[in-house]
2 protein chains.
Amino acid sequence: MEQAAHPELRAELRAELRIDQMPQTLREIVLGRLRAAIIAGRFPSGARLVERTLCDQLGVSRSVVREVIRILEAEGLVESLPNRGPVVARMDWAQARQIYDIRLLLEGSAAAGCAAVADAGVKADLAAALSALEAATGGEDAVFEATTRFYEVIFRAAGHDVAWEIVQRLNGRISRLRALTLTAADRAVPGRARMARIAAAIGANDAGAARQAVEDHLREAAEIARRMLEGA
Amino acid sequence: MEQAAHPELRAELRAELRIDQMPQTLREIVLGRLRAAIIAGRFPSGARLVERTLCDQLGVSRSVVREVIRILEAEGLVESLPNRGPVVARMDWAQARQIYDIRLLLEGSAAAGCAAVADAGVKADLAAALSALEAATGGEDAVFEATTRFYEVIFRAAGHDVAWEIVQRLNGRISRLRALTLTAADRAVPGRARMARIAAAIGANDAGAARQAVEDHLREAAEIARRMLEGA
DNA sequence: GGCGGTATGTTGGTATACCATAAGATCATA
DNA sequence: TATGATCTTATGGTATACCAACATACCGCC
């Protein structure tokens, strides 16, 4: 085969929207796919990611796969063993606990900062994200997207863009851990009530309450994860 | 030319130690070089990083350069514009301030955690790092290395490996900003006294004092940076 | 039968050549 | 002068080749 070795991906590349945002690069598509597969637990921890196999499975060339693996490595989802190549990163409760601790600090700070400066626009955005969350019953991706949006509004409003970057990267690892251990039923309770409490505190411009609400939420989430993972 | 297109790097690859840790990969060497060059301010903000030019300058192939650029992108030192390719990331005080804020949270937490559990071994390691810092008068890299080591001991002892990863990545951006604006004379005062205060607090297993010392140190560093950068 | 050495295959790492496309620059012509 | 065509450059993407390292299987020899 000469060129055009990946017709289905090429098609997907154009399919997103009618004429809009075409600059979706192959690398990004592959990145999204591989990341999703790892997070979903389709590869066991420690599984080798053999480049040529991935090339076949994804229908792309080694260059693309290698660059994507570097990115996933930076995200902590993949690690490369010397002379053995990339493997799916091992995760345990010790690491997850650290990540929850970091999120506690960053999200607490962001929520407080957001509450301190939130104007009507921010509050409306938060309300919209909450509505989207309510409307997204069942749709797994929709729930995730609405939740992500909710936090993004908070971080951005607080002017914590850098922290938002970090939290997003960390979330990959936590998502994987959750997918590996929690059942779908467990995940179906994303804590709308607690997020509403966060939104209410921000709506009242009460920084202390907002921080407290976020921290309570996270501590509870961490506790659930801990019970599932302790000793794993 | 067929193979062996980069003799000097290959040589460096073997030169490190007698028979030890050969698995230093070309990619890592190039990563270190390019990162150092960007941090040192050898490229202006927004400068395009033309792949083939870098290949010539570094004497390596495009594969290596591209993968390295992906890594630097994840570190926030490089950003890729659609259809234009990678450029050196722009930095301003707003971003630096965020990074200092994040470090305040993470390093404060790590110092407190370290102080809470530090044993004789940890204290000895900290003392050793401090001595190395004293001994490293003039050697710029040596100062940086000793400082890095000091904080690494703190984070590792506190069991905050994930946070240490994050701080290291953030440090690239801060280092660049400092190099762009501070003179060598300014940098020559890395605050040994303040680091000694941190070590003392940890030596006394006083978590509150350790956190306070770290936060004071960082606030001061941020203040110096702010005065240099305000409005830039 | 157990042992050490060799052959083979797989994998990662690197280099290079090629194509298609997009953006910008240049130039020729109406 | 303005507009459109062409040329250049840089990039994303792909294919391919080579080498080195490692693992494994095999094979002769003790």
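So that the names make sense, note that chain A is the first sequence line, chain B the second, and so on, each numbered from 1.
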From C-beta outward on [X], which listed nucleotide comes closest to its side chain: [options]?
| X | options | answer |
| --- | --- | --- |
| A/Arg27 | D/dG12, C/dT11, D/dA10 | D/dG12 |
| B/Leu26 | C/dT14, C/dG13, C/dT16 | C/dT14 |
| B/Val50 | C/dG13, D/dA10, D/dA15 | D/dA10 |
| A/Arg62 | D/dA17, C/dT11, D/dG13 | D/dA17 |
| A/Ser63 | C/dG12, D/dA15, D/dT11 | D/dA15 |
| A/Val64 | D/dG12, D/dG13, D/dA15 | D/dG13 |

Measure [atom1]/[X] against [atom2]/[N] and give the value in whole Å, please.
| X | N | atom1 | atom2 | result |
| --- | --- | --- | --- | --- |
| B/Glu67 | D/dG13 | CD | C1' | 14 Å |
| A/Arg66 | D/dT14 | CZ | P | 15 Å |
| A/Leu31 | D/dG12 | CG | C1' | 15 Å |
| B/Leu49 | D/dT11 | CG | C1' | 13 Å |
| B/Leu58 | C/dT14 | CG | P | 13 Å |
| A/Ile29 | D/dG13 | CD1 | C1' | 12 Å |
| A/Glu51 | D/dA15 | CD | P | 15 Å |
| A/Glu28 | D/dG12 | CD | C1' | 11 Å |

In plain terms, say whether [X] and [Y] are close enough for a salt bridge, that is, a side-chain N and a carboxylate O under 4.0 Å apart.
| X | Y | result |
| --- | --- | --- |
| B/Glu73 | B/Arg70 | yes |
| B/Arg169 | B/Glu75 | no |
| A/Arg173 | B/Glu165 | yes |

For [N] and [X] - does any side-chain N or O of the residue sit under 4.0 Å from the phosphate oxygens OP1/OP2?
| X | N | answer |
| --- | --- | --- |
| B/Arg48 | D/dA10 | no |
| A/Arg52 | D/dA15 | no |
| B/Arg84 | C/dA23 | no |

Pick one: which of A/Val88, A/Leu72, A/Val68 meets side-chain contact (heavy atoms from CB on, under 4.5 Å) with A/Leu49?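 Result: among A/Val88, A/Leu72, A/Val68, A/Val88 is the only option passing the side-chain contact (heavy atoms from CB on, under 4.5 Å) with A/Leu49.
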Which part of the nucleic acid, if any, lies within contact of A/Leu81, taking any heavy atom under 4.0 Å across all strands shown: a base, the sugar-phosphate backbone alone, or nothing? nothing
Spell out, as yes or no, whether a donor-acceptor pair under 3.5 Å connects the side chain of B/Arg176 to the backbone of B/Ile38. yes
